[in-house]
A.B. asks: 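Sending over a structure as structure tokens; questions will come in a sec.
These values consider heavy atoms only, across backbone and side chains, with no hydrogens, waters or symmetry-generated copies. Order of appearance sets the numbers: ligands from 1, and atoms from 1 within every ligand.
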Amino acid sequence: MNIYADRGNLLLLQQRCAWRGIGFQLTGAGLGEAIDPDAHDLFYMGGGQDRDQALCAQDLVDTKREALHAAAARGAVILGVCGGYQLLGHSYEVGDDVLPGVGLLDLKTVRDDSARLIGNVAIEVDLDATGARVVAGFENHGGHTHLAPGQQPLGRVLKGFGNTGASGAEGAVRGTVIGTYIHGPLLPKNAWLADWLTRRALALDTPLEPLDDALEDAAHASARRAAGV
Ligand code: GLN
């Protein structure tokens with residue numbers, strides 16, 4: 001799925017790898033196509049409207065669920081944004097329909113008649129307990145995501161709505177599986193997070209080569225300003 005330029009996340013990962021001389025290969029997996037859990041370092045699902053999710057949720061469970069669990073178990077990074085995030089949980093209820101999720105994150109999402117959660121958003125995250133960083137962007141979702149007890153959120157909402165608009169939590173993280181409602185796209189506005197994902201995906205314990213991030217820093221600052229943080 002791809003909405004609000006979520007494919008831009010892939011372009012950013014690709015370009016930063018190219019600048020650093022890290023090999024990058026992109027493989028798509030469409031409806032009915034199985035995925036090889038051992039062939040990739042990072043798996044990614046962008047956002048989508050309910051209609052798009054209804055088209056791919058069952059396929060995700062039938063043809064990709066097992067491989068995604070195997071990939072997560074060996075430490076591959078799995079990133080889901082918005083509709084993709086929702087499908088990383090157990091289920092997405094929309095009216096009388098219940099779309100299945102792959103169950104990599106211990107959460108479920110419910111869409112009822114309440115207002116959509118729309119606007120600029122900023123959250124504080126501390127992924128390795130090495131100091132809080134800000135992720136900023138844009139959210140637009142009807143689904144409210146409820147984390148099971150013990151499921152760690154990705155971050156704490158500084159501005160915006162996050163998972164429910166009331167819990168103060170945004171996104172979810174479990175090992176190398178990460179879900180968030182933040183578009184923007186997410187990574188061009190938060191290049192530090194892209195580098196964190198790249199290091200985890202490649203299991204590097206050394207820092208990545210620094211890049212000239214003047215434009216990326218400006219994009220991040222602009223997203224934070226828009227959110228009022
Ligand atoms: N369809 C989902 C919702 O509205 C996700 C939307 C999105 O990916 N922006 O909750």
Side-chain angles (χ1 to χ4, degrees), residues 1-13 28-31 42-61 64-65 68 78-123 135-148 151 153-155 157 159-173 177-190 193-194 197 223 226-227:
M1 295 187 293
N2 171 44
I3 198 170
Y4 303 126
D6 283 342
R7 261 189 98 79
N9 292 324
L10 298 174
L11 296 178
L12 180 118
L13 289 169
L31 290 178
L42 186 149
F43 296 78
Y44 170 67
M45 269 193 290
Q49 304 290 9
D50 293 356
R51 183 173 42 93
D52 306 322
Q53 290 173 286
L55 288 171
C56 72
Q58 191 61 51
D59 175 72
L60 203 55
V61 171
K64 300 172 180 69
R65 179 184 182 280
L68 286 172
I78 299 182
L79 172 66
V81 172
C82 203
Y85 164 41
Q86 294 171 342
L87 296 183
L88 288 179
H90 298 298
S91 58
Y92 177 32
E93 293 176 35
V94 191
D96 291 338
D97 292 335
V98 182
L99 302 179
V102 295
L104 278 166
L105 294 171
D106 200 4
L107 55 88
K108 69 174 198 167
T109 301
V110 179
R111 179 167 180 178
D112 56 24
D113 294 335
S114 50
R116 290 186 75 79
L117 306 178
I118 308 176
N120 296 301
V121 53
I123 66 172
V135 177
F138 174 75
E139 63 183 322
N140 181 358
H141 48 108
H144 290 52
T145 295
H146 304 278
L147 307 185
Q151 171 60 64
L154 174 61
V157 175
K159 278 287 167 65
F161 296 105
N163 286 337
T164 66
S167 65
E170 202 292 313
V173 56
V177 182
I178 293 184
T180 177
Y181 273 112
I182 301 183
H183 303 277
L186 171 73
L187 299 181
K189 291 188 171 174
N190 302 280
L193 179 60
L197 294 170

A.B. asks: List every atom of ligand 1 that sits less than 4.0 Å from any heavy atom of Gly47, numbering the atoms from 1 in the order shown and giving each element.
C.D. replies: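 Going through ligand 1 atom by atom, the ones under 4.0 Å from Gly47 are 8 (O).
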A.B. asks: Determine whether a donor-acceptor pair (N or O, by modelled atom type, separation under 3.5 Å) exists between the side chain of Asn9 and the backbone of Leu187.
C.D. replies: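 Yes: the side chain of Asn9 pairs with the backbone of Leu187.
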A.B. asks: At less than 4.0 angstrom from any non-hydrogen atom of Asn140, what atoms of ligand 1 do you find?
C.D. replies: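 With Asn140 as reference, the close atoms of ligand 1 come out as 6 (C), 7 (C), 9 (N).
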A.B. asks: Assess whether atom NZ of Lys108 is packed by more than 12 heavy atoms of other residues, nucleotides or ligands within 6.0 Å.
C.D. replies: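 Open: at most 12 neighbouring heavy atoms sit under 6.0 Å from NZ of Lys108.
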A.B. asks: Can you tell which part of Tyr92 has a heavy atom less than 4.0 Å from ligand 1: side chain, backbone, both or neither?
C.D. replies: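 Answer for Tyr92: side chain.
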A.B. asks: Identify the two heavy atoms, one from Cys56 and one from Leu87, that lie closest to each other, and give their separation to 0.1 Å.
C.D. replies: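 Looking at all heavy atoms of both residues, the shortest contact is SG-CD1, 4.1 Å.
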A.B. asks: With sequence neighbours left out, what residues match Arg65 under side-chain hydrogen bond (donor to acceptor under 3.5 Å, both in side chains)?
C.D. replies: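 side-chain hydrogen bond (donor to acceptor under 3.5 Å, both in side chains) list for Arg65, sorted by chain: empty.
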A.B. asks: Tell me whether ligand 1 is touched by Gln86 - counting only heavy atoms on the residue side and a distance under 4.0 Å.
C.D. replies: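 Gln86 counts as a contact of ligand 1 under the 4.0 Å cut-off.
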A.B. asks: For atom 10 (O) of ligand 1, what's the nearest protein heavy-atom neighbour? Residue, atom name and distance, please.
C.D. replies: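 Ranking protein heavy atoms by distance from atom 10 (O) of ligand 1, first comes Gly143 N, 2.7 Å.
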A.B. asks: Give a yes or no on whether the backbone of Gly162 and the side-chain of Glu139 come within a donor-acceptor separation of less than 3.5 Å.
C.D. replies: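 Looks like yes, one N/O pair under 3.5 Å.
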A.B. asks: Tell me whether Ile3 has any N or O atom under 3.5 angstrom from an N or O of ligand 1.
C.D. replies: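 No, no N or O pair falls under 3.5 Å.
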A.B. asks: I need the nearest protein heavy-atom contact for atom 7 (C) of ligand 1: residue, atom name and distance, please.
C.D. replies: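 Looking only at protein heavy atoms, the one closest to atom 7 (C) of ligand 1 is Cys82 SG, 2.8 Å.
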A.B. asks: Write down the atom of Gly8, the atom of Pro185, and the distance for their closest heavy-atom approach.
C.D. replies: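 Heavy atoms of Gly8 and Pro185 come nearest at CA-CG, 4.0 Å.
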A.B. asks: Looking at every non-hydrogen atom in both residues, tell me the closest pair between Asp6 and Tyr44 and how far apart they are.
C.D. replies: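 Here Asp6 and Tyr44 meet closest at O-OH, 2.7 Å.
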A.B. asks: Nearest protein heavy atom to atom 1 (N) of ligand 1, by residue and atom, and its distance?
C.D. replies: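 Looking only at protein heavy atoms, the one closest to atom 1 (N) of ligand 1 is Asp50 OD1, 2.5 Å.
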A.B. asks: Which of the atoms in ligand 1, numbered in the order shown and given with their element, are less than 4.0 Å from a heavy-atom of Gln49?
C.D. replies: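 Per the distance check, 1 (N).
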A.B. asks: To the nearest 0.5 Å, tell me how far Ile123 CD1 sits from Leu154 CG.
C.D. replies: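 One gets 4.0 Å once the value is rounded to the nearest 0.5 Å.
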A.B. asks: Mark the output for His183 as yes if a heavy-atom distance to ligand 1 is under 4.0 Å, and as no if none is.
C.D. replies: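 In this structure, His183 qualifies as a contact of ligand 1 - some heavy atom is under 4.0 Å.
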A.B. asks: Is it true that a side-chain atom of Asn120 and a backbone atom of Phe138 form a donor plus acceptor pair closer than 3.5 Å?
C.D. replies: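 Flag not set: sc Asn120 to bb Phe138 has no pair under 3.5 Å.
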A.B. asks: Return the closest protein heavy atom for atom 6 (C) of ligand 1 as residue, atom name and distance.
C.D. replies: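 The closest heavy atom on the protein side is Gly48 O, 3.3 Å.
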A.B. asks: Which of the atoms in ligand 1, numbered in the order shown and given with their element, are less than 4.0 Å from a heavy-atom of Arg116?
C.D. replies: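 Counting atoms of ligand 1 from 1, those under 4.0 Å from Arg116 are 4 (O).
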A.B. asks: Going by the order shown, which atoms of ligand 1 are within less than 4.0 Å of some heavy atom of Gly142?
C.D. replies: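 Listed by number with element: 3 (C), 4 (O), 10 (O).
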A.B. asks: Does only the side chain of Gln53 get under 4.0 Å from ligand 1, or the backbone, or both, or neither? Count heavy atoms.
C.D. replies: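 Within the 4.0 Å criterion, Gln53 contacts ligand 1 through side-chain atoms alone.
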